[in-house]
2 protein chains.
Amino acid sequence: MEPHEPDLTGVPVTTVLAALADDVRLQIVRALAEGGEATCGSFDFGVSKATRSHHLKVLREAGLTRTRAAGTSRLVRLRRDELDRRYPGLLDAVLSPRPSA
Amino acid sequence: MEPHEPDLTGVPVTTVLAALADDVRLQIVRALAEGGEATCGSFDFGVSKATRSHHLKVLREAGLTRTRAAGTSRLVRLRRDELDRRYPGLLDAVLSPRPSA
DNA sequence: GGTGTTGTTCGATAGTTGTCGAACAAGGGT
DNA sequence: ACCCTTGTTCGACAACTATCGAACAACACC
């Protein structure tokens, strides 16, 4: 099965934003931004593994992450460079909003 | 009725992103970013006025816009400065993504 | 080959959301 | 006073989404 990791230019902005507009997924993205590559199982945010798998699929299909097999695990990483090139400042703004209004 | 325009610091990031993650609302925001203040009726993007009113409410309650009465109309404007202070680069990135991947 | 680990997929379900028409409210103009 | 314009609110409805347990698949290791 192909991983279905789309070209960033082909993904509507609304799809990217919708992918980020969820608490669990935002925590995943935050963890990836800080810790680099990680296995799916490392994202234990109080949801079942079925739900986790679903969220990772949403992120992947929105072009936010890439996944590669590594034995029985799968390693997920953020497509930081590509995202920063297409949406400069978006990830920074979303991941660490300024305390000022 | 109070307009329910929240303090930006009190709105979760996911709420802001969810508000932007809709095609009609993004068109409204884009129009506001380019044209400044505008009446609700000026946003005719193929939806009924009930739907339009709903979208404007979502934007307002997410802290993206302010609304003030002006006769029988209402004038809507983008909270650009506040948003740029709290989420630097977000609006720019969302409103005009680079063509490069 | 069997067992355990790691993820994915498949229903099912409850909650949310986008959409509409119709009814309502508030002003302005004549 | 009457009407017209402009928006909001109220059900209603369809579509989507987040969530789960259970079943399945792939791989490693003993």
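All chains are named by letter (A, B, ...) in the order of the sequence lines, taking the proteins before the strands, and each is independently numbered beginning at 1.
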Enquirer: Rounded to the Å, how far apart are His4(B) NE2 and dT8(D) P?
Expert: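 Nearest whole value for this atom pair: 15 Å.
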
Enquirer: Would you kindly give the CG-to-C1' distance between Asp23(A) and dT17(D), to the nearest whole Å?
Expert: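 From Asp23(A) CG to dT17(D) C1': 15 Å.
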
Enquirer: Can you sort out the partners of Arg30(A) under side chain to side chain donor-acceptor pair (under 3.5 Å), two or more places apart, ordered by chain and number?
Expert: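 Once residues adjacent in sequence are excluded, Arg30(A) has no partner under the side chain to side chain donor-acceptor pair (under 3.5 Å) criterion.
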
Enquirer: Check the distance between dG7(C)'s P and Phe43(A)'s CZ and give it to me in whole angstrom.
Expert: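 The distance from CZ of Phe43(A) to P of dG7(C) comes to 9 Å, rounded to the nearest Å.
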
Enquirer: Could you tell me how far apart Asp44(A) (CG) and dT19(D) (P) are, to the nearest whole angstrom?
Expert: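 Whole-Å distance recorded here is 13 Å.
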
Enquirer: For Thr14(B) and Asp23(A), work out which heavy atoms get closest and say how close.
Expert: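 Looking at all heavy atoms of both residues, the shortest contact is CG2-N, 3.9 Å.
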
Enquirer: Name every donor-acceptor pair, under 3.5 Å, that has one atom in a side chain of residues 50-57 of chain A and the other anywhere in the protein, sequence neighbours excluded.
Expert:
| residue | atom | partner | partner atom | Å |
| --- | --- | --- | --- | --- |
| Thr51(A) | OG1 | Ser48(A) | OG | 3.2 |
| Arg52(A) | NE | Phe43(A) | O | 3.4 |
| His55(A) | ND1 | Arg25(A) | NH1 | 3.0 |

Enquirer: Strictly below 4.0 Å: does Ser73(B) bring a side-chain N or O up to OP1 or OP2 of dG7(D)?
Expert: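 The answer is yes; a side-chain N or O of Ser73(B) sits under 4.0 Å from OP1 or OP2.
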
Enquirer: Rounding to an integer number of Å, can you tell me how far Lys57(A) NZ sits from dT19(D) C1'?
Expert: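 Atom NZ in Lys57(A) sits about 15 Å away from atom C1' in dT19(D).
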
Enquirer: Residues in side-chain contact (heavy atoms from CB on, under 4.5 Å) with Val11(A), at least two apart?
Expert: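 Here the qualifying residues are Pro6(A), Thr15(A), Val16(A).
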
Enquirer: If the condition is side-chain contact (heavy atoms from CB on, under 4.5 Å), which residues does Arg77(B) pass it with, not counting sequence neighbours?
Expert: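 So Arg77(B) forms a side-chain contact (heavy atoms from CB on, under 4.5 Å) with Glu37(B), Arg66(B), Arg68(B).
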
Enquirer: Counting primed atoms plus P, OP1 and OP2 as sugar-phosphate and everything else as base, spell out the protein contacts along nucleotides 11-30 of chain C at 4.0 Å heavy-atom distance: B, S or - for each nucleotide, 5' to 3'.
Expert: -------SBBBB----SS--

Enquirer: Identify, with sequence neighbours excluded, every residue that meets side-chain contact (heavy atoms from CB on, under 4.5 Å) alongside Ala18(B).
Expert: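 In terms of side-chain contact (heavy atoms from CB on, under 4.5 Å), with neighbours along the sequence ignored, Ala18(B) is linked to Ala21(A).
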
Enquirer: Please identify each residue that fulfils side chain to side chain donor-acceptor pair (under 3.5 Å) with Gln27(B), with sequence neighbours left out.
Expert: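 Applying side chain to side chain donor-acceptor pair (under 3.5 Å) to Gln27(B) gives none.
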
Enquirer: List for me each residue that meets side-chain contact (heavy atoms from CB on, under 4.5 Å) alongside Ala69(B), sequence neighbours excluded, and say none if there are none.
Expert: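 Ala69(B) satisfies side-chain contact (heavy atoms from CB on, under 4.5 Å) with no other residue.
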
Enquirer: Counting only non-hydrogen atoms, which of residues 26-41 of chain B are less than 4.0 Å from DNA chain D?
Expert: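 Those residues whose heavy atoms fall under 4.0 Å from DNA chain D, taken from residues 26-41 of chain B in numerical order, are Thr39(B), Cys40(B), Gly41(B).
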
